[in-house]
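Okay, so here's the structure we're looking at.
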Amino acid sequence: MDYTFHWRPVIRKLPDLLEAALVTLEVAVLSMVIGILIGLALALIRMSGKRSTVWFAVGWIEIARNTPALLQLFFFGFGLGAFGFHLSPYMIVLCGLSFNNAGYLAENFRGGFNAIPDTQYRAARSLGMSAIQAYARIIIPQVFRIVYYPMTNQMVWAVLMSSLGMLVGFRELTGETQFLASKTFRIFEYFLFTAAIYYGLVKIILGASRLIAWRLFRY
Amino acid sequence: MSETDSIEFFTSFRVEDLWFLLEAAGRTLLISVLGISGGTVLGIAFGWLLSIGRWYGAATLGWVLDVFRSVPLIIQLVLFFNFFPIVGFPLDPFGAGTLVLVMYTSALVAQVARGGIEAVSISTRRAARSLGMSYWQDLRYVVWPIGIRAVLPSWTGVALGVLKDTALVSVLGYMELLRASQILITRTQEPFLVLAVVGAFYFALSFPIARFSERLERRWSHD
């Protein structure tokens with residue numbers, strides 16, 4: 001082995017990497033919030049059974065789940081560019097991740113809704129609640145509890161998927177690492193540190209989600 | 001120089017390009033099959049080791065597999081592609097990509113396999129042993145058939161995930177579907193069309209498997 005490891009350039013740039021990790025976290029959280037809202041809507045549309053709108057939800061869900069996330073990012077990057085919509089790298093990653101998250105979460109939500117017996121809804125209605133009240137106060141809180149752990153998983157996936165930002169020129173954690181590594185050619189050293197940072201990020205998310213679950217689902 | 005005798009850099013999308021994409025789809029399929037089958041065999045072995053529940057197994061193997069699940073695949077690919085030459089085994093993109101995919105898949109499958117083994121209640125296994133089955137007979141004729149029914153959907157999910165994740169091997173320079181699309185986009189300047197066609201290829205690979213597993217799951221849940 002005639003390779004000498006040089007860790008000093010990496011350690012000197014560690015603050016830059018940690019700052020980029022915050023960008024990763026930000027885009028992942030935002031894409032989750034958007035994904036949850038759209039996913040909820042897609043699940044409700046798909047379950048409504050109206051032929052005119054179901055195809056839209058089914059199409060979105062199946063495309064999001066059956067094509068690579070990277071292809072979806074390229075679509076928002078180059079594909080939309082063909083029609084004159086030029087998104088910034090940040091928007092490409094945010095749109096791509098939100099599109100993907102919405103598709104996966106919609107199926108989770110559908111499973112959650114199916115797990116709630118119909119009688120719950122009817123009981124709420126017979127107590128005098130409106131349809132919206134019944135959903136907001138009775139059904140959705142129970143669904144949320146069922147899909148909480150799949151949602152946590154999706155959040156981890158969102159962080160890991162955001163690394164694809166490197167390939168569309170977005171300077172999140174992986175993109176920043178690639179940028180710094182290309183200046184010094186210490187590719188292995190840089191990516192090893194970045195791997196450790198991702199590992200830490202995932203652990204923090206899992207820990208936080210356990211803490212939130214402990215606060216929310218105590219009773 | 002007039003418009004007509006200038007060199008053409010860009011030519012439009014032709015039917016022959018579909019063959020080019022089909023060939024690339026074949027390479028995507030090849031590396032997926034290698035990664036998924038290798039990773040599944042290794043993952044089942046790891047899952048079994050984890051299910052035995054010795055503390056040193058969970059502390060070492062469990063931790064290593066956890067790292068593979070918590071680091072983006074793209075980082076793993078770049079890391080190992082640059083690591084192999086350091087230790088004196090330079091690998092081509094295909095070799096390095098396949099190796100990383102196998103390890104990544106095995107980390108995901110290990111969790112699934114462990115879940116499958118733990119889905120078989122301990123009393124069932126004790127009953128098998130008290131009927132005179134050996135440990136391996138118990139695994140083969142009791143744990144395997146029950147466990148596989150419990151975790152087939154999750155395994156399919158992992159397999160389909162890996163199929164789509166092979167798109168990342170393009171980063172190392174392996175000519176699979178996504179990289180082929182980049183080359184075509186550069187030549188034809190028709191990103192929307194090319195990406196739609198490539199998306200359709202991925203869809204055609206992934207969707208039938210998803211449907212097949214759904215049907216199998218439904219059939220098994222009836223008996």
Side-chain angles (χ1 to χ4, degrees), chain A residues 1-5 24 62-63 65-83 100 104 107 153 156-157 159-167 172-175 177-178 181 185-203 205-206, chain B residues 28 63 66-89 157 160-171 176-179 181-182 185-186 188-196 198-211:
Chain A
M1 197 169 98
D2 48 4
Y3 185 91
T4 5
F5 292 98
T24 284
E62 297 298 352
I63 291 174
R65 291 168 61 95
N66 287 301
T67 59
L70 184 53
L71 187 90
Q72 292 160 21
L73 282 194
F74 280 173
F75 188 82
F76 280 101
F78 311 127
L80 287 188
F83 297 113
N100 192 279
Y104 277 90
E107 283 297 88
N153 271 341
V156 171
W157 280 115
V159 167
L160 299 186
M161 265 194 297
S162 69
S163 64
L164 303 177
M166 170 183 118
L167 300 171
E172 37 65 65
L173 184 48
T174 310
T177 309
Q178 160 83 357
F185 291 104
R186 313 312 315 181
I187 297 172
F188 181 77
E189 289 90 330
Y190 267 111
F191 275 85
L192 198 65
F193 262 72
T194 301
I197 295 174
Y198 271 110
Y199 183 74
L201 271 181
V202 168
K203 287 293 143 202
I205 290 167
L206 290 178
Chain B
T28 284
W63 185 79
D66 189 40
V67 170
F68 274 104
R69 283 193 297 266
S70 309
V71 173
L73 184 60
I74 197 168
I75 305 265
Q76 296 179 29
L77 286 167
V78 173
L79 209 51
F80 280 99
F81 191 55
N82 286 285
F83 176 70
F84 290 128
I86 291 176
V87 291
F89 292 105
L160 291 178
V162 172
L163 173 71
K164 282 168 272 167
D165 283 342
T166 58
L168 298 184
V169 183
S170 62
V171 176
E176 45 64 73
L177 207 41
L178 199 78
R179 196 171 174 82
S181 81
Q182 296 301 293
I185 287 174
T186 312
T188 62
Q189 297 293 304
E190 283 182 278
F192 187 80
L193 177 68
V194 174
L195 286 175
V198 168
F201 269 106
Y202 274 111
F203 199 88
L205 286 173
S206 160
F207 190 67
I209 303 175
R211 268 298 142 88

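Keep in mind the model is a prediction, meaning the values are calculated, not measured. Chain identifiers are assigned alphabetically (A, B, ...) following the order of the sequence lines, protein sequences preceding nucleic acid strands; residue numbering begins at 1 within each chain.
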Do [X] and [Y] have side chains that get closer than 4.5 Å, going by heavy atoms?
X: B:Asp66; Y: A:Tyr199; result: yes
X: B:Ile86; Y: A:Phe188; result: yes
X: B:Val198; Y: A:Thr67; result: no
X: B:Phe207; Y: A:Arg65; result: no

Checking heavy atoms, do the side chain of [X], its backbone, both or neither come under 4.5 Å from chain A?
X: B:Leu79; result: both
X: B:Gln182; result: side chain
X: B:Ile74; result: side chain
X: B:Val171; result: side chain

Handout entry: Contacts of type side-chain contact (heavy atoms from CB on, under 4.5 Å), residue A:Ala82, not counting sequence neighbours
Key =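 B:Pro191, B:Phe192.
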
Handout entry: Listed partners of B:Glu190 passing side-chain contact (heavy atoms from CB on, under 4.5 Å), at least two apart
Key =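 Listed in chain order: B:Ser12, B:Phe13, B:Thr188, B:Leu193.
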
Calculate, to the nearest 0.5 Å, the distance between atoms [atom1] and [atom2] belonging to [X] and [Y] respectively.
X: A:Leu164; Y: B:Leu73; atom1: CG; atom2: CG; result: 9.0 Å
X: A:Ser163; Y: B:Leu77; atom1: OG; atom2: CG; result: 10.0 Å
X: A:Asn66; Y: B:Leu205; atom1: CG; atom2: CG; result: 10.0 Å

Problem - Options A:Leu80, A:Val156, A:Leu167, ranked by heavy-atom pairs under 4.5 Å with chain B, top entry - result: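 When all of A:Leu80, A:Val156, A:Leu167 are compared, A:Leu167 has the most.
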
Practice task
Give a yes or no on whether the backbone of A:Leu70 and the side-chain of B:Lys164 come within a donor-acceptor separation of less than 3.5 Å.
Solution key: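 Absent.
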
Exercise for the section: Go through the steps to decide whether B:Ile185 and A:Phe74 satisfy the test side-chain contact (heavy atoms from CB on, under 4.5 Å), and finish with yes or no. Expected result: CA-CA 11 Å; B:Ile185 287 174; A:Phe74 280 173; over 6 Å; no

Handout entry: Greatest number of heavy atom pairs closer than 4.5 Å to chain A - which of B:Val67, B:Leu163, B:Leu195, B:Val194
Key =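 Most heavy-atom pairs under 4.5 Å with chain A: B:Leu195.
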
Taking side chain as everything from C-beta outward and backbone as N, CA, C, O, which of these in [X] sits under 4.5 Å from a heavy atom of chain B? Side chain, backbone, both or neither.
X: A:Tyr190; value: neither
X: A:Met161; value: neither
X: A:Gln178; value: neither

Problem - A:Leu71 versus B:Gly199, closest heavy-atom pair with distance - result: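 Heavy atoms only, the tightest pair is CD2-CA, 3.4 Å.
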
Exercise for the section: Please name the pair of heavy atoms, one in A:Tyr198 and one in B:Val71, separated by the smallest distance, quoted to 0.1 Å. Expected result: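 Shortest heavy-atom contact: CB-CA, 4.5 Å.
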
Exercise for the section: Please assess B:Ile75 against A:Thr177 for the test side-chain contact (heavy atoms from CB on, under 4.5 Å), listing each intermediate value before the final yes or no. Expected result: CA-CA 10 Å; B:Ile75 305 265; A:Thr177 309; 5.7 Å; no

